[in-house]
Amino acid sequence: QVQLVESGGGLVQAGGSLRLSCAASGNIFSINAMNWYRQAPGKQRELVAANPSGGSANYADSVKGRFTISRDSAKNTVYLQMNSLKPDDTSVYYCNALIVRTIGGPVFSYWGQGTQVTVSS
């Protein structure tokens with residue numbers, strides 16, 4: 001099995017910063033991408049930042065220039081550095097990973113448990 005464990009959420013004032021981490025462990029042959037999504041109450045889950053293996057990171061327009069996604073491949077860990085936070089960034093943030101578990105096997109999508117980020121005005 002595969003597990004994604006997130007950390008780093010919390011309460012911060014507008015203009016502040018937070019860094020989220022997500023570590024993947026378990027039966028992993030390769031990771032095709034590690035991404036961050038968020039979901040606010042009453043809204044659909046949306047892609048915040050994507051980090052495809054061998055490709056360039058891409059971001060939602062609402063976070064461009066403020067958030068940075070990065071990955072430590074040796075640790076199977078993805079980070080989301082969030083700067084200049086706004087109250088509209090308040091959401092539960094979810095880590096997502098596209099993982100191949102065996103050579104030549106299919107790609108599976110895994111999700112973390114979510115971490116709450118609250119930005120006060």
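Bear in mind the structure is a predicted one, so any value in this text is a computation, not a measurement.
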Do you know the tightest heavy-atom contact between [X] and [Y]?
X	Y	value
Met82	Val117	CE-CG2, 3.9 Å
Ala60	Leu47	CB-O, 3.5 Å
Cys95	Val78	SG-CG1, 3.9 Å
Ala14	Pro87	CB-CD, 4.1 Å
Leu20	Gly9	CD2-N, 3.6 Å
Arg71	Pro52	NH2-C, 3.7 Å

Heavy-atom neighbours of Gln3 CD exceed 12 at 6.0 Å: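 It does not: Gln3 CD has 12 such atoms or fewer within range.
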Any donor-acceptor N or O pair under 3.5 Å, side chains Asn83, Ser17: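 On atom types as modelled, these side chains qualify, holding a pair under 3.5 Å.
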Is there a donor-acceptor pair under 3.5 Å between the side chain of [X] and the backbone N or O of [Y]?
X	Y	answer
Tyr93	Glu6	no
Arg66	Ser84	yes
Thr90	Val119	yes

Return a table of donor-acceptor pairs under 3.5 angstrom between the side chains of residues 21-36 and protein atoms on other chains or two or more places apart.
residue, atom, partner, partner atom, Å
Asn35, OD1, Asn51, N, 3.3
Asn35, ND2, Asn96, OD1, 3.0

Ring-face cation of Arg38 near Tyr94 (centre distance under 6.0 Å, axis angle within 45°):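 No, Arg38 does not sit over the ring of Tyr94.
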Salt-bridge present (Lys64, Asp61; N to O < 4.0 Å):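 A salt bridge links Lys64 with Asp61.
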So, do [X] and [Y] sit near enough that their side-chain heavy atoms are less than 4.5 Å apart?
X	Y	value
Asp89	Phe67	yes
Gln1	Tyr110	yes
Tyr59	Val48	no
Tyr37	Glu46	no

Within one Ile-Leu-Val-Met-Phe-Trp-Tyr cluster: Ile103 and Leu98, side-chain cutoff 4.5 Å: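 Yes, Ile103 and Leu98 fall within the same hydrophobic cluster.
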Transitive ILVMFWY side-chain link Leu80 to Val12, under 4.5 Å: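 Yes, it is one cluster - the side chains of Leu80 and Val12 are joined through contacts under 4.5 Å.
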